[in-house]
Amino acid sequence: MYTQLDIETHFEGKLKIAYLNQPETMNALTKPSLSDLKDFIHECSNDPTVRCVAISGRGRAFCSGQNLDDAFVTGNEHQDHDIIRKIVTDYYNPLVIELTRCKKPVVALVNGPAVGAGAMLALICDFVLANN
């Protein structure tokens with residue numbers, strides 16, 4: 001169902017954890033991973049059995065931020081600027097809206113570096129638990 005996330009369910013379905021699963025890029029965010037996260041949060045928010053939602057990262061990082069290979073594709077500053085604006089509008093904003101509207105508490109399980117957009121992802125959650 002989700003191509004960019006590993007999902008774990010605990011406590012008879014009451015806790016769902018989404019793991020960003022690109023450890024080779026330290027879980028850098030891409031358009032597909034942002035879409036998967038938004039869909040995961042929406043699904044959990046509307047599932048009456050889920051009581052709590054968590055986001056974490058596989059490997060040694062929580063999230064290294066936006067995958068720049070996914071964002072800078074043309075080499076033209078103006079075109080790349082427009083692409084970044086479109087990524088923010090089409091992917092980040094809907095995820096942030098979904099997180100803020102989630103009917104369940106969302107916990108960021110920060111297991112390593114949270115850089116740039118990864119820090120934003122952690123800080124937009126209701127709670128942050130960090131471990132180095």
Side-chain angles (χ1 to χ4, degrees):
M1 179 185 216
Y2 301 109
T3 61
Q4 305 292 304
L5 304 175
D6 267 350
I7 306 299
E8 288 185 4
T9 303
H10 300 276
F11 305 108
E12 299 165 354
K14 292 180 176 109
L15 169 65
K16 285 206 174 188
I17 305 173
Y19 288 92
L20 298 171
N21 193 27
Q22 294 77 42
E24 65 281 355
T25 64
M26 296 179 74
N27 301 312
L29 296 169
T30 60
K31 291 180 245 179
S33 64
L34 291 163
S35 288
D36 278 0
L37 270 174
K38 178 186 70 70
D39 293 345
F40 169 76
I41 296 297
H42 181 80
E43 177 187 308
C44 291
S45 181
N46 293 306
D47 184 339
T49 61
V50 174
R51 301 289 305 271
C52 185
V53 182
I55 302 170
S56 192
R58 292 282 188 218
R60 61 188 183 101
F62 175 72
C63 178
S64 62
Q66 173 63 41
N67 184 323
L68 297 180
D69 289 337
D70 192 48
F72 296 115
V73 293
T74 68
N76 178 305
E77 184 178 336
H78 292 305
Q79 286 178 337
D80 284 341
H81 181 52
D82 291 340
I83 290 168
I84 291 170
R85 180 181 299 131
K86 187 161 178 51
I87 290 171
V88 168
T89 302
D90 294 349
Y91 296 92
Y92 281 96
N93 289 353
L95 173 60
V96 169
I97 289 167
E98 202 65 54
L99 283 163
T100 59
R101 291 183 179 166
C102 187
K103 300 170 193 166
K104 315 297 169 63
V106 182
V107 180
L109 302 174
V110 179
N111 57 311
V115 181
M120 176 277 308
L121 178 60
L123 294 173
I124 198 71
C125 292
D126 297 306
F127 300 96
V128 177
L129 298 175
N131 185 15
N132 58 2

Checklist entry - Where is the tightest heavy-atom contact between Phe62 and Ala122, given as atom of each residue plus distance? => result CE2-CB, 3.9 Å
Checklist entry - In Å and rounded to the nearest 0.5 Å, what is the CZ to CZ distance from Phe11 to Arg51? => result 12.5 Å
Checklist entry - What are the two closest heavy atoms between Ser64 and Thr25, and how far apart are they? => result OG-O, 2.9 Å
Checklist entry - Taking all atoms of both residues into account, what is the closest heavy-atom pair of Phe40 and Val53, and its distance? => result CE2-CG1, 3.4 Å
Checklist entry - Do Leu123 and Leu29 belong to the same hydrophobic cluster, where Ile, Leu, Val, Met, Phe, Trp and Tyr are linked whenever their side-chain heavy atoms lie under 4.5 Å apart, directly or via other members? => result no
Checklist entry - So, the side chain of Gln22 versus the backbone of Gln4: is there a donor-acceptor pair under 3.5 Å, distance only? => result yes
Checklist entry - In terms of hydrophobic clustering (I, L, V, M, F, W, Y; side-chain heavy atoms under 4.5 Å; direct or indirect links), are Met26 and Leu68 co-clustered? => result no
Checklist entry - Going through the checks in order, is the side chain to side chain donor-acceptor pair (under 3.5 Å) test met by Tyr2 and Glu43? => result CA-CA 12 Å; Tyr2 301 109; Glu43 177 187 308; 2.8 Å; yes
Checklist outcome for this item: Heavy-atom nearest pair, Leu34 first then Gln66, reads CD1-OE1, 4.2 Å
Checklist entry - Would you say Glu12 has more than 12 foreign heavy atoms packed within less than 6.0 Å of its CD? => result no
Next on the checklist: Looking at every non-hydrogen atom in both residues, tell me the closest pair between Asn111 and Ser56 and how far apart they are.
Outcome noted: OD1-OG, 3.6 Å
Checklist entry - Once you round to the nearest 0.5 Å, how far does CG of Asp90 lie from NZ of Lys38? => result 11.0 Å
Next on the checklist: Please say yes or no: joined through hydrophobic side-chain contacts below 4.5 Å, possibly via intermediate residues, are Leu109 and Leu37 part of one cluster?
Outcome noted: no
Checklist entry - Does Met120 belong to the same Ile/Leu/Val/Met/Phe/Trp/Tyr cluster as Leu5, with side-chain heavy atoms less than 4.5 Å apart forming each link? => result yes
Item to check | Same apolar cluster (I L V M F W Y, side chains within < 4.5 Å links), Val128/Leu95 | outcome: yes
Checklist entry - How far does CZ of Arg58 sit from CG of Asn27, to the nearest 0.5 angstrom? => result 9.5 Å
Checklist entry - Looking at OG of Ser33 and OH of Tyr91, how far apart are the two atoms once the value is rounded to the nearest 0.5 Å? => result 10.5 Å
Distance-only donor-acceptor pairs under 3.5 Å for side chains of residues 100-108, two or more places apart:
unit_1, atom_1, unit_2, atom_2, d
Thr100, OG1, Val96, O, 3.2
Thr100, OG1, Ile97, O, 2.9
Lys103, NZ, Asn46, OD1, 2.9
Lys104, NZ, Cys44, O, 3.3
Lys104, NZ, Asp47, O, 2.6
Lys104, NZ, Val50, O, 2.8

Next on the checklist: If I take atom CD1 from residue Ile41 and atom CG from residue Leu99, how far apart are they, to the nearest 0.5 angstrom?
Outcome noted: 5.0 Å
Next on the checklist: Within this structure, what is the CG-CG distance for the pair Asp36 and Asp6, rounded to the nearest 0.5 Å?
Outcome noted: 11.0 Å
Checklist entry - Looking only at heavy atoms, what is the nearest atom pair of Arg60 and Pro113, with distance? => result O-CD, 3.3 Å
